[in-house]
Amino acid sequence: MIPIAVPYISDAAIDEVEAILRSGRLSAGPRVAAFETAWASRVGCRWGIATTNGTTALVAALYSVGVRPGDRVLTSPFTFIASVNSILALGAEPVFCDVDLDSGNMQADLVAELVETVNPKAVLAVHLYGNPMQLRALRALCRAQGVKLVEDCAQAHGAVTDAGPAGSVGDAAAFSFYATKNLAVGEGGMVTTHHAEIAERCALFVNHGSSTRYHHVAFGLNFRMMEIQGAIGLHALAALEEGNRQRALNARYLLDAVGTRVPVVNTPDSVFHQFTLRIDQREHLADWLTRRGVGHGIYYPAIVPDQPVFARRFRGDYPHARALAHEVLSVPIHPRLSESEREQVARALRTFLG
Ligand SMILES: Cc1ncc(COP(=O)(O)O)c(C=O)c1O
């Protein structure tokens, strides 16, 4: 079966991890600091603050821009649940904004309307599937209204919006380096920001508010990254450009195979974290692919407000997000796909679509 994602750690990274494990310097040291500097600079930001994973990066980013209990945060209902759980973890209240069918990202006109009417503290803009959400107009509106803009870049390493690289546009941004991401460490996360005060608050927050050892000047938790994560991150960063180039090539190949027969939920400027089709009765295509040895995934089978954990706490109507949750199906696009595997994926799609 061709897997939907193939986590890959280079031999050089494995050798370095072994050396670190033998060195005795395991947590937040020079490799983490170097990864913070390198990733912030790649994103075009002044500061990077490493964390344990993308979820803790989101919590730290939202906290650092000032989200507190009772605040409203606007976000997408069609995302991984971490986007919403990070808002809830701070005692804040998610308010959902429906999405565009062609990108899966929040609708520009609707989010603008909500910024003006629901009095949010912040907007958490998710760049889904590698599709950069266009943020220039939203950022201007947020600034005018005194609303903070935070980006969820867990699926958007290397993507570029109309206002600059994803992760450099908002007041702060959160990245995940989970095993299947375009920049994969296994677990890991980072907050990026241009603002010194946000960076400072964030650096304190991820380290128990500690300015010097056992001197705590602010509230915080322990979200510190390990040295082995920093080392793997630096190796993965060196391979990001080529990985994204390969994803784009694979996408072009699959787009040719699909033609105009079904819509694809990827924008032309996507970095193709996923290659995602919209299709009625997707279970037929899922069976077809399985029988032909092609792995696939559904991101996501339900919108976040409909998850059982929320027990009908959120009652809005999000018709586009619900339609996507019923129709999306993603096929392998990852950079480790061989040419023959890519052809196998394309052939399975071509023959199914007729
Ligand atoms: C959109 C989105 N936000 C947040 C996260 C959370 O990242 P992590 O799994 O590293 O905690 C993920 C990924 O898993 C994600 O896809």
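Residues: numbered from 1 along the sequence shown. We count ligands from 1, going down the list as the structure has it; atoms in each ligand are counted the same way.
- For atom 11 (O) of ligand 1, the closest non-hydrogen atom on the protein side is T55 OG1, 2.5 Å.
- Taking the six-membered ring where tryptophan is involved, the planes of F314 and F96 are perpendicular, since the angle between them exceeds 60° and thus also 30°.
- Put simply, the residue from Q229, E16, E36 that forms a side chain to side chain donor-acceptor pair (under 3.5 Å) with R31 is E16.
- Between N207 and R224, the closest side-chain pair of non-hydrogen atoms falls below 4.5 Å.
- Here the options are H127, R136, M133, the test is side-chain contact (heavy atoms from CB on, under 4.5 Å), and the partner is T161; only H127 passes.
- Every atom of ligand 1 with a heavy atom of N53 under 4.0 Å away is listed here by number and element: 10 (O), 11 (O).
- Looking at A82, S76, G186, A174, it is A82 that brings a heavy atom closest to atom 6 (C) of ligand 1.
- Listed by number with element, the atoms of ligand 1 under 4.0 angstrom from any heavy atom of S83 are 3 (N).
- Between F78 and Y318, a ring centre-to-centre spacing not shorter than 6.0 Å is recorded.
- A donor-acceptor contact under 3.5 angstrom links the side chains of H296 and T290, judged on distance only.
- Within the 4.0 Å heavy-atom criterion, neither part of T56 lies near ligand 1.
- Set against the non-hydrogen atoms of T79, the atoms of ligand 1 under 4.0 Å away are 1 (C).
- Heavy atoms of G189 come nearer than 4.0 angstrom to ligand 1 in no pair at all.
- Only the side chain of Y300 comes within 4.0 Å of ligand 1, judged by heavy-atom distances.
- Of all protein heavy atoms, the one lying nearest to atom 14 (O) of ligand 1 is K181 NZ, 3.1 Å.
- Environment of CZ in R312: sparse, with no more than 12 heavy atoms of neighbouring residues, nucleotides or ligands closer than 6.0 Å.
- Remark: distances from the non-hydrogen atoms of F175 to ligand 1 are all 4.0 Å or more.
- Summary of contacts: the protein heavy atom closest to atom 16 (O) of ligand 1 is Q155 NE2, 2.8 Å.
- Near L58, meaning under 4.0 Å from one of its heavy atoms, ligand 1 places the atoms 4 (C).
- Between F80 and ligand 1, no pair of N/O atoms sits closer than 3.5 Å.
- Residue-environment remark: CZ (R46) stays at or below the threshold of 12 foreign heavy atoms within 6.0 Å.
- Between F177 and W39, the angle of the ring planes goes over 60°, which puts this pair in the perpendicular group of the 30/60° scheme.
- A donor-acceptor contact under 3.5 angstrom links the side chains of N182 and H273, judged on distance only.
- At the top of the distance list for atom 2 (C) of ligand 1, counting protein heavy atoms only, stands A154 CB, 3.4 Å.
- Residue contacts with ligand 1: D152 is placed with a nitrogen or oxygen under 3.5 Å of a nitrogen or oxygen of the ligand (distance criterion only).
- Each of the atoms 7 (O), 8 (P), 10 (O) of ligand 1 lies under 4.0 Å from some heavy atom of S176.
- For ligand 1, none of its N or O atoms has an N or O atom of E187 under 3.5 Å away.
- Ring-centre distance between F223 and F205: below the 6.0 Å cut-off.
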